[in-house]
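Residue numbers begin at 1 in each chain, while the letters A, B, ... track the order of the sequences. Keep in mind that this is a model prediction, so the values were computed, not measured.
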Number of protein chains: 2
Amino acid sequence: MSLPHAILTALLEKPSSGLELTRRFDRSIGYFWSATHQQIYRELGKLEAEGYIRALPSQQPTRGQKKSYGVLPAGRAELARWTAASQDPKPPRDTLLLRLRAAAVVGTEGIEADLRRHLVLHQRQLAEYEEIEQRDFGPGRGTAQDRLQHLILRAGIDLETFWTRWLTHALEEFEGLSTAEGS
Amino acid sequence: MSLPHAILTALLEKPSSGLELTRRFDRSIGYFWSATHQQIYRELGKLEAEGYIRALPSQQPTRGQKKSYGVLPAGRAELARWTAASQDPKPPRDTLLLRLRAAAVVGTEGIEADLRRHLVLHQRQLAEYEEIEQRDFGPGRGTAQDRLQHLILRAGIDLETFWTRWLTHALEEFEGLSTAEGS
DNA sequence: CAGGCCATGTAACAGGTTACATGATTCT
DNA sequence: AGAATCATGTAACCTGTTACATGGCCTG
């Protein structure tokens, strides 16, 4: 039950059409909640049926015609309710750690290269986040909204920092493994 | 396509029945790949049909009767293949960050209490991991397998450390928000 | 033999993924 | 007119979630 609320948030920030939403998910919200355009269209239909959003006037509902949505009061209320409601953190699902655990049983053949590849990807993501931080958040303290956004970005930066450090450490361990005792 | 491989790994570590697997998922593998008993039974059926595992002899297949599985050579081969295959990291899905982003739009009412609650939960998880580290991994360097397992545990510890730090920082920010400028 | 627990399983549904289809617009 | 692209949408499938059903075993 998160995608509809992600969409409501995005639409409150700026009324958009389905494809515009998809693009914005690829950039910002998708950093911690990704979605494909099919998911988004499906969900837009539901949200409209429930009376949380409405298609902005001036367009007829034909196929291939751009259609923008705006959030209705009921939608904003539902988003506020969901935001304030307590939710348990879900255990992470991480394939790489799972593969490492499997490697402890069936052998580490081939996984080191992928660790290296992941390290590069995380370094790249980290650099992207830091660039955004430089650009959007100067040293002075902005509005309350700015500080919240910065806080979220900080989570992204710290997470990617964790991964790059851990992967670096893991690769060092791997070198130790192969020099000291072979497979 | 990760659950079947998680199960193969667990079965290689130790042949088990469905419920035993469920319990082990709750403890160790579930720290980064959780699963309910329904998922596990469904997947055990598929794995058996594909010839990756087989029910150990000595039990008849009646309902309510314990049934243990062991991994066949084809299963081990499939696990090795999957472990070595390159996979892209998937963007994280984090509800809490999503809620913070929503809070930037509809107001932070009520979310601070949940941040505090999450902080406690992550501290607890961190303590649990550190206890395991104390108990299972001494100062000396063990076998290659031990070092891999330790590496995975380190990821858990560092992740929980990240969350506790970030949540602490976030709560400080919130105090700043309410004293300095109200809602 | 009643109640509780252990163990396996079915069913219905929600959410996410992949492949493909179709109408409109723009460019050549 | 044809091709490329933009935009919306359908369909099938897979994974994960929730609720419930059933049989066997143990204990009082």
When B:Y69 and A:T36 are each assigned the nearest nucleotide of DNA chain C, the 5'-most assignment goes to B:Y69
Taking the side chain as every heavy atom from C-beta outward, state whether A:Q125 and B:P89 have any pair of such atoms under 4.5 Å apart.
no
| message | I'd like to know whether B:L115 forms a side chain to side chain contact (heavy atoms under 4.5 Å, CB included) with B:L96, so could you lay out the CA-CA distance, the side-chain angles of the two residues, the decisive distance to 0.1 Å, and finally the verdict. | response | CA-CA 8 Å; B:L115 291 180; B:L96 193 60; 3.9 Å; yes
From the candidates C:dC6, C:dA11, D:dG9, the one with an atom nearest any side-chain atom of B:L19 is C:dC6
Under-3.5 Å donor-acceptor pair between B:R42 side chain and D:dG16 base: yes
From CD of B:Q87 across to P of C:dT17 the rounded distance in Å is 14 Å
Considering only heavy side-chain atoms of A:H37, the closest of D:dC6, C:dC20, C:dT8 is C:dC20
Atom NE2 of B:H5 and atom P of D:dC14 are separated, to the nearest Å, by 15 Å
**Asked** Distance check: side-chain N/O of B:S17 vs OP1/OP2 of C:dT8, anything under 4.0 Å?
**Response** yes
Item to check | OP1 or OP2 of D:dT15 under 4.0 Å from side-chain N/O of B:K46 | outcome: yes
| task | For C:dG16, take OP1 and OP2 only and decide whether either is under 4.0 Å from a side-chain N or O of B:K90. | result | no
When rounded to whole Å, the CG to C1' distance for the pair B:L3 and C:dG16 reads 16 Å
- Message: If we ignore hydrogens and angles and just use 3.5 Å, is the side chain of A:R76 paired with the main-chain N or O of A:V71 as donor and acceptor?
- Response: no
Does D:dT15 have OP1 or OP2 under 4.0 Å away from a side-chain N or O of B:Q39? no
Rounded to whole Å, CH2 of A:W33 lies from P of C:dT17 at a distance of 10 Å
Worksheet item: Does B:Y41 place a side-chain N or O at less than 4.0 Å from the phosphate oxygens OP1/OP2 of C:dG9?
Response: no
To the nearest angstrom, the CD-P distance between B:Q38 and C:dC6 comes to 16 Å
**Report entry** Carboxylate-amine/guanidinium contact B:E78 B:R81, below 4.0 Å
**Finding:** yes
A:M1 has its side chain closest, among C:dA7, C:dG15, D:dA11, to C:dG15
For B:F137 and B:H150, take the angle between the two ring planes, folded into 0 to 90°, and tell me which bin it lands in: parallel under 30, tilted 30 to 60, perpendicular over 60. parallel
So, does B:R93 get its side chain near the phosphate of C:dG16, meaning an N or O under 4.0 Å from OP1 or OP2? yes
Here the distance between atom P of D:dC6 and atom CD1 of A:I40, to the nearest Å, is 16 Å
From the candidates C:dA7, D:dT17, D:dC6, the one with an atom nearest any side-chain atom of A:R23 is D:dC6
